[in-house]
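One structure is given below, encoded as structure tokens.
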Amino acid sequence: MDDWRERIKECGDGGLSEALIGAIDELFARDRHLLEVNVHENTIAAILRCYLQPRVGYAPEDGGPWDVDFDYNRRQAMVKTINGVQNVRPDLIVHRRNTDINHLAVELKKGSSGSPDEGDLKNLAAYLLPLEDFGLGYRYALFLRFGVGDDAGKVACVRWL
């Protein structure tokens, strides 16, 4: 039995974890073949975005629906940066566009390694920092690694920061 679902639930936000689990399950059910043939991670992230959007609900801050975006590089009209200088594009985000209401940032990789990439972890940690500390003010940051080839349909790594 895969325990990745239990690790997703460790974020403590039941609605968010159920949305992520449902989206990943749908990705594996409908598009597993893309992981079997090892398509680019951007393709996987873009498809996962489509499955996540209808599941995420509404922002408590303003009652508006969460926006789910792939490879999004804007903080309102400005280029998204961390540490005051580094331009970034998280693979997948849940946020409210044109606001500073940021919910979830995801970095996604493919492969069988059970450990995350250090560069992605560093970025994810910075995404969690408050805006006034040159972060992006996300509530949650998640590293995911999906298996490919014979490991398609498996989640090799789940790490919340």
Side-chain angles (χ1 to χ4, degrees), residues 2 4-5 7-82 87-111 116-117 119-121 123-128 135-148 151-161:
D2 288 339
W4 66 265
R5 288 175 184 84
R7 292 193 312 272
I8 293 282
K9 291 177 184 177
E10 289 173 4
C11 78
D13 181 323
L16 178 61
S17 61
E18 289 306 313
L20 284 163
I21 290 167
I24 293 168
D25 281 341
E26 187 170 358
L27 172 72
F28 290 166
R30 295 182 62 183
D31 296 300
R32 179 184 178 134
H33 67 283
L34 297 175
L35 291 162
E36 289 171 352
V37 299
N38 199 13
V39 298
H40 196 277
E41 75 180 46
N42 287 354
T43 303
I44 299 303
I47 292 168
L48 185 60
R49 176 230 167 268
C50 294
Y51 299 145
L52 187 58
Q53 178 67 69
R55 291 178 161 89
V56 291
Y58 298 88
E61 292 86 348
D62 66 1
W66 287 118
D67 298 301
V68 180
D69 286 309
F70 153 74
D71 220 15
Y72 195 81
N73 74 336
R74 289 288 184 251
R75 177 178 165 224
Q76 298 181 34
M78 301 175 293
V79 173
K80 195 174 285 233
T81 62
I82 54 175
N87 294 348
V88 292
R89 300 182 332 237
D91 290 332
L92 200 63
I93 58 173
V94 177
H95 66 140
R96 292 281 292 132
R97 287 187 200 120
N98 300 315
T99 74
D100 284 327
I101 302 171
N102 295 320
H103 195 51
L104 169 69
V106 178
E107 291 292 348
L108 172 68
K109 293 289 184 244
K110 301 176 306 157
D117 294 353
D120 285 330
L121 291 179
N123 284 352
L124 286 166
Y127 299 159
L128 292 170
L136 295 174
Y138 282 88
R139 280 190 198 97
Y140 302 100
L142 174 64
F143 179 90
L144 287 173
R145 183 182 299 281
F146 292 142
V148 295
D151 291 323
K154 296 179 182 174
V155 180
C157 183
V158 174
R159 181 154 172 199
W160 290 101
L161 275 75

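The structure displayed is predicted, hence computed values, not measured ones.
For the atom pair CG of Leu34 and OG1 of Thr43, the computed distance is 7.5 Å after rounding to the nearest 0.5 Å. Rounding to the nearest 0.5 Å places NZ of Lys154 at 15.0 Å from CZ of Arg145. From Leu52, atom CG reaches atom CZ of Phe70 across 14.0 Å, with rounding to the nearest 0.5 Å. The CG atom of Asp31 sits 5.5 Å away from the NE2 atom of His33 when rounded to the nearest 0.5 Å. Residue Tyr127 holds its OH atom at 4.0 Å from CG of Asn123, rounded to the nearest 0.5 Å. Rounding to the nearest 0.5 angstrom, the gap separating the CG atom in Leu20 from the CG atom in Leu27 is 12.0 Å.
Between the side chain of Lys109 and the backbone N or O of Phe143, no donor-acceptor pair lies under 3.5 Å. Here the side chain of Arg32 pairs a donor or acceptor atom with the backbone of Ala152 at under 3.5 angstrom. The main-chain N or O of Ala156 is never found under 3.5 Å from a side-chain atom of Trp4 such that the two would form a donor-acceptor pair. The backbone N or O of Gly64 sits less than 3.5 Å from a side-chain atom of Asp62, completing a donor-acceptor pair. Formation of a donor-acceptor pair under 3.5 Å by the Glu41 side chain with backbone atoms of Lys110 is not found in this model. Under a 3.5 Å cut-off, the side chain of Arg96 and the backbone N or O of Trp66 do not form any donor-acceptor pair. Of the possible donor and acceptor atoms, one in the side chain of Asp91 sits under 3.5 Å from a partner among the backbone N and O of Leu108.
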>> Applying side chain to side chain contact (heavy atoms under 4.5 Å, CB included) to Arg55 and Val68, what does each step give before you reach the verdict?
In response: CA-CA 10 Å; Arg55 291 178 161 89; Val68 180; over 6 Å; no
> Does the side chain to side chain contact (heavy atoms under 4.5 Å, CB included) test come out yes or no for Arg5 and Asp25, once each step is laid out?
Replying inline: CA-CA 10 Å; Arg5 288 175 184 84; Asp25 281 341; 2.6 Å; yes
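Contact of the Arg159 side chain with the Arg7 side chain is not registered, since no non-hydrogen atoms from C-beta on lie closer than 4.5 Å. The side-chain heavy atoms of Phe146 and Leu48, taken from C-beta on, include a pair separated by under 4.5 Å.
Under the 30°/60° scheme for interplanar angles, the aromatic rings of Tyr140 and His103 are found to stand perpendicular.
Glu107 pairs in a side chain to side chain contact (heavy atoms under 4.5 Å, CB included) with only one of the listed residues (Leu144, Leu142, Leu124), which is Leu124.
Summarising the geometry of Tyr138 relative to Ala105, their closest heavy-atom pair is CD2-N, 3.7 Å, with the distance given to 0.1 Å.
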